[in-house]
Each structure stands twice: as structure tokens, then as C-alpha cells.
Amino acid sequence: MLLENKCAIVTGGSRGIGAGIAVSLARQGADVVINYWGKTDTGYGRDGAAQAVVAEIERLGRSAIALEGDVADPATGPALVDAAVERFGKVDILAANAGICPFHGFLDMPVDLMRKVFGVNMEGAFLVSQAVANRMVEQGHGGAIVATSSISALVGGEFQSHYTPTKAGVHSLMQSVAIALGPHGIRCNSVMPGAILTDMNRESLSDPDKDAYFRKRIPLGRYGEPEDVGDVVAFLASDMARYVTGASVIVDGGMYVNLQ
Ligand SMILES: NC(=O)C1=CN([C@@H]2O[C@H](COP(=O)(O)OP(=O)(O)OC[C@H]3O[C@@H](n4cnc5c(N)ncnc54)[C@H](O)[C@@H]3O)[C@@H](O)[C@H]2O)C=CC1
Ligand SMILES: C[C@H](O)[C@@H]1OC(=O)[C@H](O)[C@@H]1O
């Protein structure tokens with residue numbers, strides 16, 4: 001196991017990619033604090049699911065707790081750190097994963113929606129990373145932060161003008177904090193998933209034309225599963241990646257490079 005006796009915080013860990021990350025980390029021996037937000041006004045707020053992830057992790061022989069909190073609220077990062085320290089005594093790993101993507105056109109984008117997406121995806125990743133990093137520095141034994149960016153950091157989307165900049169921003173954030181935190185032995189990287197079938201894109205991918213286009217563009221021939229991303233996060237969080245920081249790993253079955 002790669003992460004025995006480590007404690008991880010996973011934001012947006014109740015469903016989709018975050019749930020896959022939480023389970024992958026637990027499979028490698030980590031105990032997990034699962035953050036989620038059940039009161040979003042963007043249509044993604046069904047979160048009794050966190051308890052199912054806790055139960056799955058317990059079946060794997062590890063411990064987990066779930067804590068509701070909006071990552072865009074500056075109080076959430078410190079609350080997650082406090083919960084981790086109270087229950088597990090420390091924090092070794094942060095998966096800054098929480099994100100939303102309520103598809104919308106650019107020309108009539110409501111300013112509130114744009115600010116909401118920037119707030120959750122960009123400010124949320126910044127604030128939680130900062131809170132966790134301060135605890136890691138205080139602990140004095142290093143750590144690993146892995147943020148969920150996207151191939152959308154590298155390519156655009158007609159209905160994602162409020163979203164793709166946040167995914168580029170999260171990648172850039174990891175590059176800068178890798179420099180700030182390297183001297184403390186804290187490594188910071190991002191993963192860039194492609195099309196992973198989750199609540200975020202289920203409706204959009206139910207369009208037969210888009211579904212056919214996406215499937216054709218993925219050389220490995222299938223949508224990603226949350227644990228396809230989770231296993232890469234586990235690797236980046238582990239000592240197997242001890243000399244990797246400020247980097248990003250594309251996890252997309254080849255979708256991004258397959259232009260023609
Ligand atoms: N699904 C995909 O194809 C891709 C997703 N991503 C990224 O992966 C991350 C997870 O996305 P999915 O699993 O697809 O989404 P999802 O909609 O399945 O799950 C979202 C998770 O984030 C939590 N959440 C939502 N708003 C929150 C807030 N304000 N504070 C704390 N938690 C909040 C929810 O409780 C849930 O656990 C996002 O950052 C997304 O940008 C990146 C590339 C591809
Ligand atoms: C929600 C989208 O289908 C998904 O999100 C991403 O970040 C990917 O690039 C896909 O566009």
C-alpha cells in the first residue's frame with residue numbers, strides 16, 4: 001500500500017471524481033475526511049451520498065468522516081483541518097477537488113453564475129489549499145496537495161467560459177504553491193481529467209451527437225471512471241512521486257491529443 005497511516009482531506013468527495021479519489025486513497029491505506037456541499041443552488045446538491053462513501057471506505061478497513069462545507073467560504077478550510085486533526089491527529093494529503101460546471105452560454109452569462117463558479121472552483125481551491133498548507137508547515141513533516149484541474153484548462157468549451165478559466169487557474173495555483181511550499185517538503189500537483197461520466201456532465205452527455213463525438217475522440221474507447229482519476233491522485237500523493245511537484249498529469253484516455 002502506498003499511503004498507509006496517512007490522513008487525507010478530499011473536497012467534493014461525496015460523489016463523482018471526489019468519491020473515486022477518496023476510495024482510491026483509502027485503498028492505499030489512508031484515512032479520509034470527506035468534504036461536500038449539499039446546499040448548492042446549481043443543481044448538483046444531492047449529498048446524502050457522503051455517508052455511502054464513508055461506508056465504502058470503512059468496508060476497506062480504513063476510517064472516514066464526512067463534513068459539509070462550502071469550499072468558497074473561508075471558514076471551511078480551517079474547519080476541515082480541525083476535523084482531520086481532532087479525528088486523525090494530522091493532515092498529510094489534500095485533494096482539492098470540489099468543482100461545479102453549470103453549462104451556460106457566454107453572451108448572456110449572469111454575473112452571479114460566473115462569480116459562483118469562480119468562487120467554488122478557484123477561490124475554493126486556493127482557500128482550502130492555504131488552510132491545509134499552514135497546518136502541514138506547522139506539523140513539519142511535509143505533505144502532498146493534488147488539485148483537480150481538467151483538460152478544460154487546455155481547451156475551450158462553448159458553454160464553459162466561466163469554467164475553463166478556473167481549471168487553468170487551479171493548475172497555475174499548484175505551480176505557484178509548489179514553489180512556495182517546496183522548502184517545506186510539501187509537493188503540489190494537479191490532475192487533468194478528460195470526460196468522466198458524473199452528475200456534472202450526465203445531462204450534457206445524454207445528447208446522442210455529443211456522446212458519439214466524445215466516444216469517438218477517446219482512443220481508449222470509453223469514458224473515464226472516477227477511480228481512473230483517483231488512482232493517479234494516489235500515486236501523486238505517495239512517495240512514488242517524491243520528486244514530482246508543480247506538475248500536471250492528463251487522465252483522459254487520450255482525448256486531448258486526438259485532434260484528427
Ligand atoms: N466530470 C468530468 O468529466 C470532469 C470533472 N472535472 C473536475 O472534477 C471535479 C469533480 O467533478 P465531478 O466529480 O464531475 O462533479 P460532481 O458534480 O459529480 O461532484 C461534485 C462534488 O463537489 C461537491 N461540491 C459542489 N459544490 C461544492 C462547494 N461549494 N463546496 C464543497 N463541495 C462542493 C459536491 O458535494 C460533490 O461532492 C471538479 O473540480 C470538476 O471541475 C475535471 C475534468 C473532467
Ligand atoms: C463537465 C464537462 O463535461 C467536463 O468537465 C471537464 O472539465 C471536462 O473537460 C469536460 O468538459
Side-chain angles (χ1 to χ4, degrees), residues 9-22 33-53 66-77 79-80 95-104 116-125 127-128 146-171 173 190-207 210-211 213-214 217-218 223-230 232-233 248-253 255-256:
I9 293 173
V10 180
T11 66
S14 62
R15 290 181 283 119
I17 292 173
I21 293 171
V33 175
I34 294 161
N35 153 263
Y36 66 97
W37 184 235
K39 296 177 184 139
T40 54
D41 56 2
T42 52
Y44 300 123
R46 309 182 329 248
D47 274 300
Q51 290 309 325
V53 182
L67 200 69
E68 189 177 56
D70 179 359
V71 292
D73 178 345
T76 295
L80 289 169
N97 166 79
I100 55 174
C101 181
F103 292 87
H104 204 289
K116 172 89 186 171
V117 175
F118 277 36
V120 173
N121 295 10
M122 188 66 251
E123 294 180 28
L127 292 166
V128 179
V146 184
T148 306
S149 172
S150 169
I151 58 169
S152 293
L154 310 172
V155 290
E158 181 179 357
F159 299 104
Q160 293 180 307
S161 60
H162 52 339
Y163 173 78
T164 59
T166 69
K167 296 287 109 179
V170 159
H171 167 54
L173 174 70
S190 69
V191 284
M192 293 183 173
I196 316 296
L197 198 54
T198 69
D199 291 346
M200 181 181 273
N201 53 18
R202 208 173 303 284
E203 193 186 324
S204 148
L205 292 176
S206 68
D207 170 359
K210 185 166 180 183
D211 177 58
Y213 168 69
F214 266 41
R217 197 172 158 162
I218 302 170
Y223 290 123
E225 301 286 340
E227 284 183 54
D228 293 330
V229 180
V232 177
V233 173
S248 191
V249 180
I250 294 178
V251 189
D252 72 341
M255 186 182 197
Y256 170 64

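Note that ligands are numbered from 1 as they come in the structure, with each ligand's atoms numbered from 1 the same way.
At a 3.5 angstrom cut-off on N or O pairs, I17 counts as close to ligand 1. Considering both main-chain and side-chain atoms, A195 never comes within under 3.5 Å of ligand 1 through any nitrogen or oxygen pair. Of the N or O atoms in N201, one or more lie within a sub-3.5 Å distance of an N or O in ligand 1. Checked by distance only, ligand 1 and Y36 stay at 3.5 Å or farther apart across all their nitrogen or oxygen atoms. Residue-to-ligand polar distances place S150 within reach of ligand 2: an N/O pair is separated by less than 3.5 Å. For ligand 1, the polar-atom distance check against G12 finds a nitrogen or oxygen pair separated by under 3.5 Å.
Nearest-heavy-atom check against atom 1 (N) of ligand 1 across I196, V71, T166, I34 picks out I196. Looking at V251, D252, N97 and measuring to atom 38 (C) of ligand 1, the nearest heavy atom belongs to N97. Distances from atom 32 (N) of ligand 1 to the heavy atoms of G38, S14, A98 show the closest one on A98. When the heavy atoms of K116, R15, E68 are ranked by distance to atom 16 (P) of ligand 1, first place goes to R15.
Within the 4.0 Å heavy-atom criterion, the part of S149 lying near ligand 1 is the backbone and not the side chain. Contacts of I151 with ligand 1, taken as heavy-atom pairs under 4.0 Å, are absent altogether. Heavy atoms of M192 found under 4.0 angstrom from ligand 1: none, in either backbone or side chain.
Protein heavy atom in closest approach to atom 5 (O) of ligand 2: Y163 OH, 3.4 Å. The protein heavy-atom contact nearest to atom 3 (O) of ligand 2 is N201 CB, 3.2 Å. Of all protein heavy atoms, the one closest to atom 2 (C) of ligand 2 is Q160 NE2, 3.7 Å. Atom 9 (O) of ligand 2 has its closest protein heavy atom at S152 OG, 2.6 Å.
H104 pairs with exactly one of E158, H162, Q160 by the side-chain contact (heavy atoms from CB on, under 4.5 Å) rule, that one being H162.
Proximity of V251 to M192: side-chain heavy atoms (C-beta onward) are nowhere separated by under 4.5 Å. Using a 4.5 Å cut-off on side-chain heavy atoms (C-beta onward), Y223 and D252 make no contact. When side chains are defined from C-beta on, V117 does not count as touching C101, because their heavy atoms never get closer than 4.5 Å. Looking at heavy atoms from C-beta onward, W37 lies out of side-chain contact with V71 at the 4.5 angstrom threshold. When side chains are defined from C-beta on, I250 counts as touching L154, because their heavy atoms get closer than 4.5 Å.
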*asked:* Show, in sequence, the C-alpha distance, side-chain angles and deciding distance for T76 and L127, and conclude whether the side-chain contact (heavy atoms from CB on, under 4.5 Å) test is met.
replied: CA-CA 8 Å; T76 295; L127 292 166; over 6 Å; no

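Nearest heavy-atom pair, I17 versus P226, reported as atom, atom and distance to 0.1 Å: CA-CB, 3.9 Å. The shortest heavy-atom contact between A95 and V233 is CB-CG1, 4.4 Å. When all heavy atoms of L197 and R202 are compared, the pair lying nearest together is CG-NH1, 4.0 Å. In terms of heavy-atom proximity, D70 sits nearest to V120 at OD1-CG2, 4.3 Å. Contact detail for P193 and I196: the closest heavy-atom pair is CB-CG1, 3.8 Å. When all heavy atoms of E68 and G38 are compared, the pair lying nearest together is OE2-N, 3.3 Å.
Using a 4.0 angstrom heavy-atom cutoff, G69 counts as in contact with ligand 1. Between G194 and ligand 1 there is a heavy-atom distance shorter than 4.0 Å. Not a single heavy atom of G99 sits closer than 4.0 Å to an atom of ligand 2. Not a single heavy atom of K167 sits under 4.0 Å from any atom of ligand 2. At least one heavy atom of G13 sits closer than 4.0 Å to an atom of ligand 1. Distances shorter than 4.0 angstrom occur between a heavy atom of Y163 and an atom of ligand 1.
For S190 and S248, the side-chain atoms include at least one donor-acceptor pair closer than 3.5 Å.
Taken to the nearest 0.5 Å, the OG1 atom of T166 stands 11.5 Å off from the CG atom of L173.
No donor-acceptor pair closer than 3.5 Å links the side chain of N35 to the backbone N or O of V10. Side-chain atoms of R15 never come within 3.5 Å of backbone atoms of A50 as a donor-acceptor pair (strictly under, hydrogens ignored).
Here is the list of ligand 1 atoms found below 4.0 Å of a heavy atom in D70: 28 (C), 29 (N), 30 (N). Of all atoms in ligand 1, numbered sequentially from 1 with element shown, those under 4.0 Å from a heavy atom of N35 are 31 (C), 32 (N). Atoms of ligand 1 found under 4.0 Å from any heavy atom of K167, numbered from 1 in the order shown, are 38 (C), 39 (O), 40 (C), 41 (O). Annotation for ligand 1: atoms under 4.0 Å from non-hydrogen atoms of T198 are 1 (N), 12 (P), 13 (O), 14 (O), 15 (O), 18 (O). Near F103, meaning under 4.0 Å from one of its heavy atoms, ligand 2 places the atoms 1 (C), 2 (C), 3 (O). Every atom of ligand 2 is numbered from 1 in the order shown, and the set under 4.0 Å from a heavy atom of G194 is 8 (C). Using a 4.0 Å cut-off to heavy atoms of T148, the atoms of ligand 1 that qualify are 7 (C), 8 (O), 9 (C). Numbered from 1 in the order shown, with element, the atoms of ligand 1 that lie under 4.0 Å from a heavy atom of P193 read 42 (C), 43 (C), 44 (C). Atoms of ligand 1 lying under 4.0 Å from any heavy atom of G16, numbered from 1 in the order shown and given with element: 13 (O), 18 (O). The atoms of ligand 2 that sit less than 4.0 Å from any heavy atom of I151 are 9 (O). Residue I100 approaches ligand 1 through these ligand atoms, each under 4.0 Å from one of its heavy atoms: 25 (C), 26 (N). Close approach of ligand 2 to M200 (heavy-atom distance below 4.0 Å) involves ligand atoms 1 (C).
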